[in-house]
Amino acid sequence: MVHVRDRHWAEEIADEILKQGRGPHEISTGISPSGEIHIGNLREVITADVVYRVLKERGVEVTLDYVADNFDPLRKVYPFLDASVYTGHIGKPLSEFPCPCGGHPSYAAHFLEPFLASLERLRIKVKVHFADQMYKSGLLVPQIIQALRGRDAIARILHECTGRHVEPEWSPFNPICGTCGRMTGTLVAGFSERDKTVDYTCPCGGRGTVSMRGGGKLTWRVDWPARWARLPVTIEPFGKDHATRGGSYDTGALICREVFKAPPPFPVTYEWISFKGKGELKKSKGNILSVHRMLEVVPPEILRYMIVKTRPMRSIGFDPGLPLLALVDEFDDAASRGRDPRALQLAGADQFTPVGVPFRHLVNVVQMADFDLDQAVVILKRNNYPVADAAALKERAGYAIRWLREFAPPEVKFSVERTLPAAASGLDGGQRAFLARLASALRPGMNGEAIHALVYDLAKEAGLEKATAAFEAIYLAFLGQPKGPRAGWFLAFLERDFTIARLREAGRAAA
RNA sequence: GGGCCGUUAGCUCAGCUGGUAGAGCAGCUGACUCUUAAUCAGCGGGUCGGAGGUUCGAAUCCUCCACGGCUCACCA
């Protein structure tokens with residue numbers, strides 16, 4: 001009996017959600033732009049997007065939003081930051097100090113901009129809420145007041161769920177000091193519901209009164225449910241770090257109910273994507289792979305496919321090296337054989353243009369073409385690949401080129417040497433004889449297959465026991481390494497005079 | 001210590017609304033004068049982590065255990 005999964009995980013989640021109410025629904029995602037937004041974070045928005053698409057298909061009224069938490073304070077100087085510049089910004093909201101390159105309005109915008117551009121390429125349409133705007137516009141003032149009033153209830157919830165006793169002076173609201181610009185360490189001294197202001201003192205010596213409209217921020221465990229209540233959010237995906245017992249979802253759900261008097265959203269927890277072989281993805285450790293960078297190397301639908309095909313709670317190991325090729329192949333294979341259709345559909349693959357050339361092969365071709373895309377197309381045509389859509393093909397080839405530069409392991413790389421490689425001096429007599437014969441036997445107009453056949457004939461004539469030795473001779477003569485792309489097609493591509501001259505030179509008996 | 005996930009063929013995994021196990025790759029055989037993870041055809045390969053339980057029947061449900069991974073426990 002063959003079991004075929006006809007229920008995609010997103011369908012199961014949608015079933016659960018609809019049991020709780022037909023909507024309207026709002027799916028909320030959110031990532032703090034404290035550094036490059038990486039592929040691990042991408043799971044959040046893709047998971048949300050897939051649930052969104054399924055609900056939409058079922059005729060449910062649903063919106064998808066992304067809260068860019070740019071009002072979060074900078075926690076520390078990350079390894080990728082200049083300590084002399086950023087030490088002074090620790091504790092300030094990410095939207096309120098300059099970015100590393102100087103080309104963006106703020107630190108947060110520097111990381112947000114490429115990510116939001118990536119979302120478009122991934123065909124994820126989100127309504128973006130900027131946290132600083134949510135605060136500055138006064139949108140969250142009602143929740144800030146509720147939180148300040150409910151301070152003791154919140155403290156009790158935190159204690160009951162986490163065992164943590166908050167300090168007597170603790171407040172759910174962190175004012176931003178008007179003197180030093182920091183929000184870490186400030187203490188609430190009082191507040192006015194009428195004026196919508198909060199009085200504070202700061203360790204820097206500063207004291208004063210700030211507006212509830214952008215003068216500070218709710219602390220994370222309160223900020224999150226405040227958003228749920230305000231927007232309001234009915235579905236929220238989050239990483240498993242928040243899902244632990246007593247974690248921020250647990251406390252958030254209680255705070256949402258008891259303090260903000262609103263039902264908490266349906267939780268969708270997801271596992272993290274681990275970066276295979278190179279340690280985990282941690283923004284704080286500087287070991288990250290940005291979504292933006294990944295999209296230069298993997299077509300968006302394939303990145304989506306990787307996440308969509310895997311249930312959210314299962315971990316995904318991501319290796320951008322050789323295994324990435326397997327992923328691309330798996331995708332192409334599934335697409336051409338109609339396997340896993342639901343995942344492909346949800347990956348957005350229906351808009352995908354098949355290029356008809358295995359990615360693996362493209363990796364070779366672009367190298368033969370010396371990274372010239374037009375030349376790559378010429379080669380493919382010569383090798384009888386159906387080049388139906390040259391633009392689509394070039395686009396794919398572009399991915400291959402960038403992959404080669406960024407992530408390809410050395411064994412799949414090669415380049416044609418301008419002069420006889422030193423390694424060719426190690427050729428033995430038989431191999432040299434073979435190369436010399438090959439030089440004489442090459443005729444204009446021979447295609448790859450003909451040359452390939454020729455290699456076998458001449459190898460035998462030259463007394464080489466195995467064809468392998470002949471191939472090795474060719475590769476050493478042109479690439480300076482013992483292996484390379486399919487020899488016949490490879491030689492057919494090279495300029496003939498150059499090829500013959502090189503074969504002759506390499507074939508000359510050693511001194 | 002708490003939480004979550006996993007443990008199925010050499011490897012990566014699918015199969016989890018219960019009916020004596022599947023795919024891809026690797027391996028082996030054969031064909032193509034054939035090497036770049038070539039193509040085609042075929043073959044072998046698993047006490048489904050362990051022990052109990054429910055059932056006519058369990059990889060699939062329940063309980064316990066073992067091992068592995070991640071995560072939380074300071075802050076968000």
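All chains are named by letter (A, B, ...) in the order of the sequence lines, taking the proteins before the strands, and each is independently numbered beginning at 1. Since the model is a prediction, treat every value here as computed from it, not as a measurement.
- Taking every side-chain heavy atom of D241(A) into account, rC72(B) is the closest of rG3(B), rC72(B), rC5(B).
- Rounded to a whole angstrom, the distance from the C1' atom of rA59(B) to that of rA9(B) is 14 Å.
- With C1' as the reference atom, rA51(B) and rG44(B) are 32 Å apart, rounded to whole Å.
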Please table the atom pairs, donor to acceptor, closer than 3.5 Å between any side-chain atom in residues 169-177 of chain A and protein atoms at least two apart or in another chain.
from    : atom 1 : to      : atom 2 : distance (Å)
S171(A) : OG     : F173(A) : N      : 3.1
S171(A) : OG     : F173(A) : O      : 3.4

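- Between the P atom of rC34(B) and the OH atom of Y475(A) lies a distance of 14 Å, rounded to the nearest Å.
- Here the CG-NE2 distance, from L346(A) to H8(A), works out to 5.5 Å after rounding to the nearest 0.5 Å.
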Next item on the list: Give the C-alpha distance, both sets of side-chain angles, the deciding distance and a yes or no for salt bridge (charged side-chain N to carboxylate O under 4.0 Å, His left out) between R245(A) and D250(A).
Entry: CA-CA 7 Å; R245(A) 178 176 296 171; D250(A) 273 8; 5.7 Å; no

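- Nucleotides rG27(B) and rG53(B) place their C1' atoms 40 Å apart, quoted to the nearest Å.
- With P as the reference atom, rG46(B) and rC5(B) are 31 Å apart, rounded to whole Å.
- One P atom belongs to rC25(B), the other to rG42(B), and the distance between them is 14 Å to the nearest Å.
- In this structure, the CE atom of M313(A) is 18 Å from the P atom of rC16(B), given to the nearest Å.
- A salt bridge is absent between E96(A) and R182(A); no separation between the charged side-chain nitrogens and carboxylate oxygens falls under 4.0 Å.
- Distance noted for atom C1' between rG49(B) and rA58(B): 16 Å (whole Å).
- Looking at the side chain of W272(A), the nearest of the listed nucleotides rU33(B), rC75(B), rU71(B) is rU71(B).
- With respect to the salt-bridge test (charged N to carboxylate O, under 4.0 angstrom), the residues D72(A) and K92(A) do not qualify.
- Side chain T244(A) to base rG2(B): a donor-acceptor pair is found below 3.5 Å.
- With rC75(B), rC13(B), rU33(B) as the candidates, the nucleotide lying closest to the side chain of R314(A) is rC13(B).
- For the pair R221(A) CZ and rC72(B) P, the computed distance is 11 Å after rounding to whole Å.
- For the pair E12(A) CD and rU17(B) P, the computed distance is 8 Å after rounding to whole Å.
- Rounded to whole Å, the C1' atom of rA26(B) lies 25 Å from the corresponding atom of rG69(B).
- When the nucleotides rU33(B), rC75(B), rC70(B) are ranked by their closest atom to the side chain of Y456(A), rU33(B) comes out on top.
- In this structure, R164(A) reaches the rC75(B) phosphate: one of its side-chain N or O atoms is under 4.0 Å from OP1 or OP2.
- The CG atom of L454(A) sits 15 Å away from the P atom of rC34(B) (whole-angstrom rounding).
- Annotation: rG19(B) and rU55(B) have their C1' atoms spaced 12 Å apart (nearest Å).
- Annotated stems with RNA chain B as a participant read B:1-7 with B:66-72, B:10-13 with B:22-25, B:27-31 with B:39-43, B:49-53 with B:61-65, given as range with range, by first number; only runs of 3 or more Watson-Crick or G-U pairs under 3.5 Å qualify.
- Backbone-only engagement by D72(A) is indicated by non-hydrogen atom pairs under 4.0 Å involving sugar-phosphate atoms exclusively.
- Cation-pi geometry between R402(A) and Y399(A) is satisfied (NZ or CZ under 6.0 Å from the ring centre, within 45° of the ring normal).
- No contact: F414(A) has no heavy atom under 4.0 Å from any strand.
- When the nearest nucleotides of RNA chain B are assigned to T162(A) and S248(A) by heavy-atom distance, the more 5′-ward of the two goes with T162(A).
- Between the C1' atom of rC16(B) and the CZ atom of R311(A) lies a distance of 9 Å, rounded to the nearest Å.
- Between E301(A) and R304(A) there is no salt bridge, since no side-chain nitrogen of the basic residue lies less than 4.0 Å from a carboxylate oxygen of the acidic one.
- Nearer the 5' end of RNA chain B, as judged by each residue's closest nucleotide, is the contact made by E472(A), out of G247(A) and E472(A).
- Atom CG of residue L458(A) and atom CG of residue L438(A) lie 6.0 Å apart, to the nearest 0.5 angstrom.
- Between the CD1 atom of I316(A) and the C1' atom of rC13(B) there is a distance of 13 Å, given to the nearest Å.
- The CH2 atom of W170(A) sits 13 Å away from the C1' atom of rC75(B) (whole-angstrom rounding).
- Distance from the side chain of K240(A) is smallest to rC70(B) among rA14(B), rC70(B), rC75(B).
- For the pair E271(A) and R43(A), the salt-bridge criterion is not met [side-chain N within less than 4.0 Å of a carboxylate O].
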